[in-house]
Asks: 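Take a look at the following structure, please.
So that the names make sense, note that chain A is the first sequence line, chain B the second, and so on, each numbered from 1.
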Amino acid sequence: MELSGSQILMQFLKDEGVEYLFGYPGGAVLHIYDEIYAQDDVKHILVRHEQGATHMADGYARATGKPGVVLVTSGPGATNAVTGIATAHMDSVPLVVITGQVPTHAIGSDAFQEVDCVGITRPCVKHNFLVKDVRELADTLKKAFYVATTGRPGPVVVDIPKDVTRPDLKIPYEYPGTVAMRSYNPVMRGHPGQIRKALDLILSAKRPMIYTGGGVVLDDAADALVKFTRILGYPITNTLMGLGAYPGTDPQFIGMLGMHGTYEANMAMHHCDVLIGIGARFDDRVVGDVNKFCPEARIVHIDVDPASISKTVKVHVPIVGSVGKVLGEINGMLEGSNRRPDGQALAEWWERIHRWKSIDCLAYTPSDTLIKPQSVVEKLYEATGGDAYVTSDVGQHQMWAAQFYPFDKPRRWINSGGLGTMGFGMPAALGVQLAWPDAQVACITGEGSIIMCIQELSTAKQYDLPIKIVNLNNRYLGMVRQWQEFMYENRESHSYLDSLPDFAALAESFGHVGMTIDKPADVEGALREAFAMKDRLVFMDFITDPAENVYPMMMAGKGHNEMVLSEQTRQRELA
Amino acid sequence: MRHIISLLLENEPGALSRVAGLFSARAYNIESLSVAPTEDETASRMTLVTSGSDEIIEQITKQLNKLIDVVKLLDITGDAHVEREIMLVKVRVAGSAREEVKRIADIFRGRILDVTQSTYIIEVTGDGTKLDAFINSLDRSAIMEVVRSGLLAIGRGEKGLRL
Ligand SMILES: Cc1cc2nc3c(=O)[nH]c(=O)nc-3n(C[C@H](O)[C@H](O)[C@H](O)COP(=O)(O)OP(=O)(O)OC[C@H]3O[C@@H](n4cnc5c(N)ncnc54)[C@H](O)[C@@H]3O)c2cc1C
Ligand SMILES: Cc1ncc(C[n+]2csc(CCOP(=O)(O)OP(=O)(O)O)c2C)c(N)n1
Ligand SMILES: [Mg+2]
C-alpha cells in the first residue's frame, strides 16, 4: 500500500484500534485533517480548546485503560495542550499527543506558529519524538503507543512537521505489529528472592497496614489486591489515586490516607509495624513529614518504576514489578501453604482501629437552611446507586467527593491528583461518557474550577454527551480560603469569587439543562430529576455553605497522628 | 560523595538535552559531562561526574535509567578504573617566562602545541587533581584561556559498559 504521511497516520490509528481522536485543527495539521475528512474509522471529537482535548483523552484513558489520543496544531495548539499533558504525566496516564510542527526546512527559523514542542514538553512527558522523515512515521507512532502504555504508563508526544504529512509524497506502508527498543524494557515480574522476603515480613506483622495507590488501577490488578487483602484479613487504605481498587464499602477498607485521609487510616499508618505499599509513590500529601512517617514500621514496596522506590521514604523490601504479577505470585504462595498471620495480634490491632474509627472523623453538622456540600455527595451516591463514574476538579469539592462517595470498582473515580489541575473535571467526564455511553457520569466541581474549561460545554452539546455536573458552589476558592483560615489568620486574599455567572442560565445558553438548588430539601429531588434525563447534560448549581472546611487535615510538617479535626470530632477524640 | 557515571545513549538529537534537563529539573549537581559517539555510531558514550548523598546518587541513577534514550548505565566510582581529562591552556609568555613555563609544562608532561611571540598553547592530560595542580603552578595573571574536556573514565579489565 502506498500512502502519504497523513494517510499513514490515519491508517495507523485505525490499525492500532484507536476509537477517538480528540483534536483541534490549524495550519500545520491541515493535511492530516483532510485525511480525517476522507475516513470514518477513527472518530474525531472537535473540542473548543486544546487543554480540553488532552483532559478528554485523559478521562477516556483512565476510564478504559486504553491510551487517549490527541491531535493539535503547532505553536499555540501545542502550548495549550501542555497543561493536559503535564496532568497525565503526574498521574501516569497513557496518552499519545500528536502535535503539528512547521515544515522541516523552516524549523529553527522562528516560523509562523513555531515552538520547540519537543523542548517544551520534554520535562512533562514519558518520552517524545520529532518525526523528520515520513519513512520513520509508522515505526515512531508504534513506539509512541508502546512506550505510553507499558511499564509505568505516561504521555508521549509525537511532533510531526507539515511536510512529513504532505499528500503528494507516498511511500509503502505496513502496520508495524511489533516494536523492539534496546533502551526500553520495563521489568514486570518481581524478583523471586525479594518476593519470598516480602512474604516473610508480611506474615510476621502484628500491626499490618496495606497502603495502595494508582498503580493498582493502572495495572488493572484490583482482583489480585482484593484476594491478597482478604486472605490476610489486614486493614487497607488507598491513596486519592487508588480509590476503588479495593471496594470502598468493604469492612477491611478504612478510608483514604494522607492530608485529608481518615483519622483511622492515618493513625493506623502511624502505629503499624509492617507497611505494605503497593503501586503508590509515597507522595508528600500522603507522607506528611518524612521524619515522622510510620516510625515503627518495616516497609515492603511493590512498584513497576524503580525510581518510585526509596525516593522519599527508605523501604526495607523493595520489589520492582507490576502489581498484578507480584501479587499473583504472593497469592499463589499464600494459597499453596497454610502459613497465616498471627490471629491474636491481628484481632487486637483491629480493635484499636475500630476505636479510632468510632470518633467518626468525617461527621459534619447538618443544616436545614444551608446546603452542606458533603450531603450533596452523599445524595449523589444514593441517586446513582453508588455505581457512577465520577470525575472531579480540584479543591474542597474534590476531597469531599473522595471522602463521601465510596467507590467499589476501579476506574470509577477520575481526578487530577498529582498536578491538581483545575479545569480537568468536565472535559474528563466527556471523555468518560464517550468511552461508556450508557454509564452514569457525574462531574463534581466547584465554581472556580468549572470556569477554567467551561467552553467544553459546547463540545458536550455537539456530541450529545449527557454528563451530570454537580457544582458545589461556595462562592469561594474554598481550598484556598481554608488554608487562609488555618494558616493566615483568615485573611481572605483573593479567594472570594465575585461576579460569578448564573450557571444554570450559562448551561442553558450552551443548549443544556440548568438548575439552581439553594435549599437542602431540594437536593435529592434535583439529583433524581437530573439523572432521569438520560440524554441531556444537566448542570446542577448547588449553592452551598461557604464556611464548610475539609476535615481531618494533616498540616505541612506534621505526622499522621497530628491531624486537625473538626470541633465535634475533637470532642469525641478526647472523650 | 563524588560519583562517576558512565552511560550509553541512543545517538539521537534530543538525548543530551534529556540528560541535562533531568539534572536541572531535579536540582542535581553536575560537575562535568562529556559525550561523543562510540565505535558504533548509533550510540554515544557519556561520562558524567556528579556528587550527592547515597540517596541522591541512587535517585540519579534510577532517573537516568528511566530516560528512554539511555541504553545502559554504570556507576564506576567503586570499581577499578582509569580517569583522564585533557586540558588546553593558553598562557602569555614574554621574556624570561618562556623558559619557566616550558619547564613547568615538562614537569607535568605537557606538550606545547602552538607557539607565538607572546603565547603558548599547552596540552596537559591527567586526572582532575593533576590539571588543577598545573593551573596552580602557573602565574595566574599569565593565563589567557583554559579549556577542559571534562572527565573521561573507563573501567579496568573485563568488566565494562558495552552495547
Ligand atoms: C487538593 C488535593 C489534596 C490531596 N490530598 C490527598 C490526600 O489527602 N491523600 C492522598 O492520598 N492524596 C492526596 N492528593 C493526591 C496527591 O497529590 C497524589 O496525587 C497522590 O497521593 C498519589 O497517589 P499514588 O501514590 O497512588 O500515586 P500515583 O500518582 O497514582 O502513582 C502510581 C504509582 O504506581 C506505580 N505504578 C504504575 N503502574 C504500575 C504497575 N503496573 N505496577 C506497579 N506499580 C505501578 C507508579 O510507578 C507510581 O509509583 C491530593 C491532591 C490534591 C490536588
Ligand atoms: C489551574 C490551577 N490554578 C490554581 C490552583 C490552586 N487551587 C487549588 S484549589 C483552588 C480553589 C478551587 O476552587 P473551587 O473550584 O471553587 O473549589 P472549592 O475548593 O471551592 O471546592 C485553587 C485556586 C490549581 N489547583 N489549579
Ligand atoms: Mg468554590
Asks: So what's closer than 4.5 Å to chain A heavy atoms on L163(B): side chain, backbone, both or neither?
Replies: side chain
Asks: Of all heavy-atom pairs between S310(A) and E58(B), which one has the smallest distance, and what is that distance?
Replies: CB-OE2, 3.9 Å
Asks: Which atoms of L130(A) are under 4.5 Å from chain B, going by heavy atoms: the side chain, the backbone, both sets, or neither?
Replies: neither
Asks: Does some side-chain heavy atom of H127(A) sit less than 4.5 Å from a side-chain heavy atom of D69(B)?
Replies: yes
Asks: Nearest 0.5 angstrom please: L67(B) CG to S183(A) OG, how far?
Replies: 10.0 Å
Asks: Below 4.5 Å, heavy-atom pairs only: which of S17(B), A25(B), G14(B) has the largest tally toward chain A?
Replies: S17(B)
Asks: Relative to chain B, which segment of N128(A) carries a heavy atom at a distance below 4.5 Å: side chain, backbone, both, or neither?
Replies: both
Asks: Grab the two heavy atoms, one from A307(A) and one from Q59(B), that are nearest each other, plus how far apart they are.
Replies: O-NE2, 2.9 Å
Asks: Please confirm whether the backbone N or O of K311(A) pairs with a side-chain atom of K62(B), one donor and one acceptor, at under 3.5 Å?
Replies: no
Asks: Can you give me the closest heavy-atom contact between G21(B) and R122(A), atom names plus distance?
Replies: CA-NH2, 3.6 Å
Asks: Please classify the contact of S24(B) with chain A as side chain, backbone, both or neither, using a heavy-atom distance under 4.5 Å.
Replies: neither
Asks: Kindly compute the distance separating CD1 (I68(B)) from CZ (F129(A)), expressed to the nearest 0.5 Å.
Replies: 7.5 Å
Asks: Would you indicate whether D110(A), at its atom CG, is surrounded by more than 12 heavy atoms from other residues, nucleotides or ligands within a distance under 6.0 Å?
Replies: no
Asks: To the closest 0.5 Å, what do you measure between CG (D305(A)) and CD (Q63(B))?
Replies: 7.0 Å
Asks: With a 6.0 Å cut-off (strictly less than), is the heavy-atom count around NZ of K90(B), excluding the residue itself, greater than 12?
Replies: no
Asks: For R182(A), is it the side chain, the backbone, both, or neither that has a heavy atom closer than 4.5 Å to a heavy atom of chain B?
Replies: both
Asks: Atom CD1 of residue position I154(B) - does it have more than 12 heavy atoms of other residues, nucleotides or ligands inside 6.0 Å?
Replies: no
